[in-house]
2 protein chains.
Amino acid sequence: MTSDTSVPESGPPANGLPRRAGIADVAARAGVSVGTASKALNGRGNLREETRARVRAAAEELEFAPSTVARSLLTGRTFTVGIITTDSYGRFSIPIMRGAEDALGLGEMLAFLCDSRDDPIREQHHIKRLLERRVDGIIVAGRRTDARQPVGRNLPVPVVYALAPSADESDISVTSDEPGAARLAIDHLVRTGRRRIAHITGPHSHASSRVRADSTVEALRAHGLELVGDPWFGSWSEAWGRFAVAQLLRSDPDVDGIFCGADVIARGATDALRESGASLPMQVGVVGVDNWVISAEAARPPLTTVDLGLQELGRRAGELLIAAIDGSPAPGLHTVPGHLVVRES
Amino acid sequence: MTSDTSVPESGPPANGLPRRAGIADVAARAGVSVGTASKALNGRGNLREETRARVRAAAEELEFAPSTVARSLLTGRTFTVGIITTDSYGRFSIPIMRGAEDALGLGEMLAFLCDSRDDPIREQHHIKRLLERRVDGIIVAGRRTDARQPVGRNLPVPVVYALAPSADESDISVTSDEPGAARLAIDHLVRTGRRRIAHITGPHSHASSRVRADSTVEALRAHGLELVGDPWFGSWSEAWGRFAVAQLLRSDPDVDGIFCGADVIARGATDALRESGASLPMQVGVVGVDNWVISAEAARPPLTTVDLGLQELGRRAGELLIAAIDGSPAPGLHTVPGHLVVRES
DNA sequence: GTGAAAGCGCTAACAG
DNA sequence: CTGTTAGCGCTTTCAC
């Protein structure tokens with residue numbers, strides 16, 4: 001029996017799956033050595049154009065896909081990174097992941113996704129697995145802006161913290177511009193003629209709530225205004241928005257603007273206002289935060305809101321990680337600005 | 001200069017990042033050969049317990065993390081899979097990814113996440129990159145139940161389609177039980193005494209809409225009932241739910257139950273009903289589909305809805321993929337049942 | 001019980 | 001211009 005193909009006669013894979021061609025197969029088919037085939041495919045060395053073409057053709061026919069695992073063993077780089085999210089792919093980590101993938105994709109990198117579900121043990125487990133897989137770097141995406149403990153000391157690869165910055169200031173972190181978000185909202189309300197502005201937000205235990213509330217007061221002061229009453233701390237829910245507005249209308253019936261710490265709160269607020277007979281946005285202007293489109297657009301009227309730029313934040317995280325991998329880490333806390341999305345409220 | 005450590009004196013990494021210990025370092029520190037170190041760490045071969053312990057201790061001190069890339073080169077398996085989503089981590093792919101990660105995690109596998117943004121070119125690009133990285137398998141997660149073209153013929157690794165099944169029936173696909181979902185909803189409405197039931201759903205161009213509508217009619221028939229009017233096809237939005245209800249109340253004011261093809265529609269429907277003066281759930285019962293908690297719980301009243309079991313679907317996809325990788329593929333269309341989540345509507 | 005050597009698929013340095 | 005060789009970090013025979 002003589003074989004008329006140059007593919008070595010190993011036994012069939014038995015999986016039913018097609019065999020994968022290696023560079024040796026390509027070389028054999030093109031009638032060159034593996035070294036030559038490698039050069040031809042990677043554009044290195046000095047080869048006759050005809051040889052290159054022959055090798056390329058052979059690779060094409062065999063559907064040759066070079067093994068990055070072999071290459072990684074050689075170069076020490078895998079062109080993969082790990083992304084650890086703490087919030088089960090919730091509404092914060094999603095845009096961040098998207099942005100990170102944008103930035104990483106440009107660097108031809110692929111991301112491993114790990115969901116730590118806010119469990120430090122799970123997180124450590126994931127770190128270990130990522131390190132074993134020799135990822136070139138790691139992004140840790142939180143779901144709050146509160147600082148968090150670093151994932152480890154002295155890891156062999158760079159780590160970038162997204163949204164929730166590391167408590168260690170020499171780490172690389174990116175977060176959103178919370179004071180700026182409050183300023184955007186307040187400026188918009190004032191610009192549209194509101195003077196008696198209240199603030200309804202999430203739990204006092206969240207850094208976001210506290211920072212936004214403080215910045216709201218400051219931003220008003222910059223316009224020579226005072227916040228109507230105290231900030232209303234509660235929860236990130238529509239029910240809280242409705243409830244707070246009911247109370248607010250009782251204590252300050254002449255309020256003409258409300259800045260809500262989240263779109264869900266703003267949505268509850270607009271519902272309550274509308275049902276109390278107020279006409280929106282004529283009598284009261286409402287601004288939310290998040291630009292969570294599905295919710296903001298369904299509200300009546302559609303919500304004007306501050307987009308925190310989470311996708312941009314993810315992109316920055318990806319870029320900072322790539323820079324660090326390439327040997328130019330930029331330690332410290334970086335900030336991404338948000339922007340106002342004007343709808344009808 | 002004599003070095004008092006067994007770590008070879010290669011120049012410093014210059015990144016500022018700590019050097020990674022290899023198995024050779026561990027072996028040297030434990031005073032054994034690399035072969036022995038390997039056996040000790042993997043529990044192979046016959047070694048003195050004391051030797052094993054010494055090696056383990058050395059590994060510990062050096063924070064040795066074995067390189068899976070080297071191991072993969074040897075074994076041909078990477079213990080990684082790719083997950084390609086078409087909907088930008090939207091609300092369908094998220095629970096699917098979560099479920100898949102559950103199943104894969106148990107097999108100690110890590111997933112690469114790729115967002116194709118519904119672009120076939122991007123998708124092919126991702127397939128290629130995943131294959132180069134020698135993933136052991138691929139999950140393709142859609143965002144609709146409409147069948148889709150396979151990602152490729154004769155790929156060297158198994159592929160499992162989630163939610164959107166492959167048009168090729170010899171591929172492995174998992175999807176949700178759409179007729180069953182309609183049955184769960186209708187059975188609930190009938191059980192709670194509704195007799196004049198209408199159906200408001202998404203675009204006629206979506207397989208889900210058509211299948212659910214047909215199954216709704218059948219399920220009613222099984223109870224000896226007829227659908228009130230024709231199914232209302234529209235869009236997956238609150239505004240459509242509100243609009244359709246307004247029309248419906250005009251044509252059939254005595255309707256006492258509405259099955260909505262999505263929670264967003266149901267939410268719009270409940271709003272419109274409430275604002276028309278109907279008291280819910282006394283006068284009209286509403287059931288949605290999706291169990292999209294954030295929306296279903298914020299509705300007034302909170303929505304009773306059919307959970308399609310997407311996370312379970314993801315888990316099944318992961319399990320089917322692992323089985324296929326292990327040489328036991330289960331070709332064909334698999335179905336995951338949903339379940340009713342009873343709230344107040 | 002332990003060590004030495006071969007080899008996974010590829011690239012890079014050096015011969016020819 | 002092209003082929004040969006060594007070696008990335010690990011596991012696995014096979015000697016000793």
Side-chain angles (χ1 to χ4, degrees), chain A residues 6-8 10 13 19-56 58-59 62-79 131-136 156, chain B residues 6-8 10 13 19-56 58-59 62-79 131-136 156:
Chain A
S6 43
V7 174
S10 50
R19 208 182 92 77
R20 242 196 268 251
I23 199 172
D25 303 318
V26 174
R29 190 179 236 278
V32 297
S33 72
V34 287
T36 304
S38 171
K39 284 171 213 151
L41 263 13
N42 296 298
R44 308 279 161 74
N46 279 17
L47 302 187
R48 244 186 309 162
E49 188 47 46
E50 188 263 325
T51 311
R52 261 185 223 291
R54 200 146 34 90
V55 173
R56 269 200 288 262
L62 264 32
E63 299 183 52
F64 171 66
S67 165
T68 53
V69 5
R71 181 183 277 144
S72 296
L73 194 52
L74 222 33
T75 63
R77 287 208 41 188
T78 55
F79 288 89
L131 257 19
E132 287 174 353
R133 272 162 177 95
R134 294 298 185 264
V135 292
D136 294 332
Chain B
S6 42
V7 174
S10 49
R19 211 184 89 76
R20 243 197 267 250
I23 199 173
D25 303 319
V26 174
R29 190 181 238 278
V32 296
S33 71
V34 286
T36 304
S38 170
K39 285 170 210 152
L41 294 173
N42 296 297
R44 308 278 162 74
N46 278 18
L47 302 187
R48 245 184 310 160
E49 188 46 48
E50 189 264 325
T51 312
R52 261 186 223 291
R54 201 147 33 90
V55 173
R56 268 199 291 261
L62 265 31
E63 300 185 51
F64 172 64
S67 163
T68 54
V69 4
R71 180 183 279 145
S72 296
L73 193 51
L74 224 30
T75 62
R77 284 207 45 187
T78 55
F79 288 89
L131 256 20
E132 286 174 354
R133 273 166 175 90
R134 294 298 186 261
V135 293
D136 294 332

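These numbers were taken from a predicted model, which means no experiment stands behind them.
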Contact class for A:Gly35 vs. all strands (heavy atom < 4.0 Å): base, sugar-phosphate, or nothing? base
Between B:Thr36 and C:dG3, is there a contact of a side-chain N or O with OP1 or OP2 at under 4.0 Å? yes
Could you give the angle between the helix axes at the two ends of the helix from C:dG1-D:dC16 to C:dG16-D:dC1, with five pairs per end, rounded to 10 degrees? 50°
Side chain of B:Ile23 only, heavy atoms from C-beta on: which candidate in D:dT2, D:dC10, C:dG1 is closest? D:dC10
To the nearest Å, give me how far apart CZ (A:Arg134) and C1' (D:dC8) are. 12 Å
Shortest non-hydrogen contact from B:Asp136 to B:Gly76? OD1-O, 4.3 Å
Counting heavy atoms from C-beta on, name the nucleotide in D:dC8, D:dT2, D:dC10 closest to the side chain of A:Leu74. D:dC8
Below 4.0 angstrom from OP1 or OP2 of C:dC10, is there any side-chain N or O of A:Arg71? no
In whole angstrom, give the distance that lies between atom CG of A:Asn42 and atom P of C:dA12. 7 Å
If you take all heavy atoms of B:Ala58 and B:Val26, which pair is closest and at what distance? CB-O, 3.8 Å
If you pin B:Val34 and A:Pro66 to their nearest nucleotides in DNA chain C, which one's is more 5'? B:Val34
For A:Leu73 and C:dG9, give me the distance from atom CG to atom C1', rounded to whole Å. 9 Å
Working to the nearest 0.5 angstrom, can you tell me the gap between B:Arg56 CZ and B:Thr51 OG1? 10.5 Å
Give the nucleotide from the list D:dC14, D:dC8, C:dT11 with an atom nearest to the side chain of B:Lys39. D:dC14
Rounded to whole Å, CG of B:Asp25 lies from C1' of D:dG9 at a distance of 11 Å
Checking the side chain of A:Arg133 only, and the main-chain atoms of A:Thr78 only, is there a donor and an acceptor separated by less than 3.5 Å? no
Could you check whether atom CD of B:Glu132 has more than 12 heavy atoms from other residues, nucleotides or ligands sitting under 6.0 Å from it? yes
Heavy atoms of B:Arg134 and A:Ala65 approach each other most closely as NH2-O, 2.8 Å
Using heavy-atom distances to pick each residue's nearest nucleotide on DNA chain D, tell me which of B:Phe64 and A:Ser33 is more 5'. A:Ser33
Short side-chain N/O contact to C:dG1 OP1/OP2 from B:Thr51, under 4.0 Å: no
Roughly how many Å is it from CG in B:Leu47 to P in C:dG3, rounded to a whole number? 9 Å
Give the minimum heavy-atom separation between A:Arg52 and A:Gly43, together with the two atoms involved. NH1-CA, 3.6 Å
Rounded to whole angstrom units, what separation is found between the CZ atom of A:Arg20 and the P atom of C:dC10? 10 Å
Supply the atom-to-atom distance B:Thr36 OG1 to B:Leu41 CG, rounded to the nearest 0.5 angstrom. 10.5 Å
Can you see if the side chain of B:Arg44 gets near the phosphate of D:dT11 - specifically, an N or O under 4.0 Å from OP1 or OP2? no
Answer yes or no: does a side-chain N or O of A:Ser38 lie under 4.0 Å from OP1 or OP2 of C:dC10? no
B:Leu41 atom CG is separated from D:dG9 atom P, nearest whole Å, by 16 Å
Shortest side-chain distance from B:Val32, nucleotide among D:dT11, C:dG3, C:dG9: C:dG3
Hey, does the side chain of A:Asn46 come within less than 4.0 Å of D:dT2's phosphate (OP1/OP2), counting only N and O? no
Nearest whole Å is fine: how far is D:dC10 C1' from B:Phe79 CZ? 15 Å
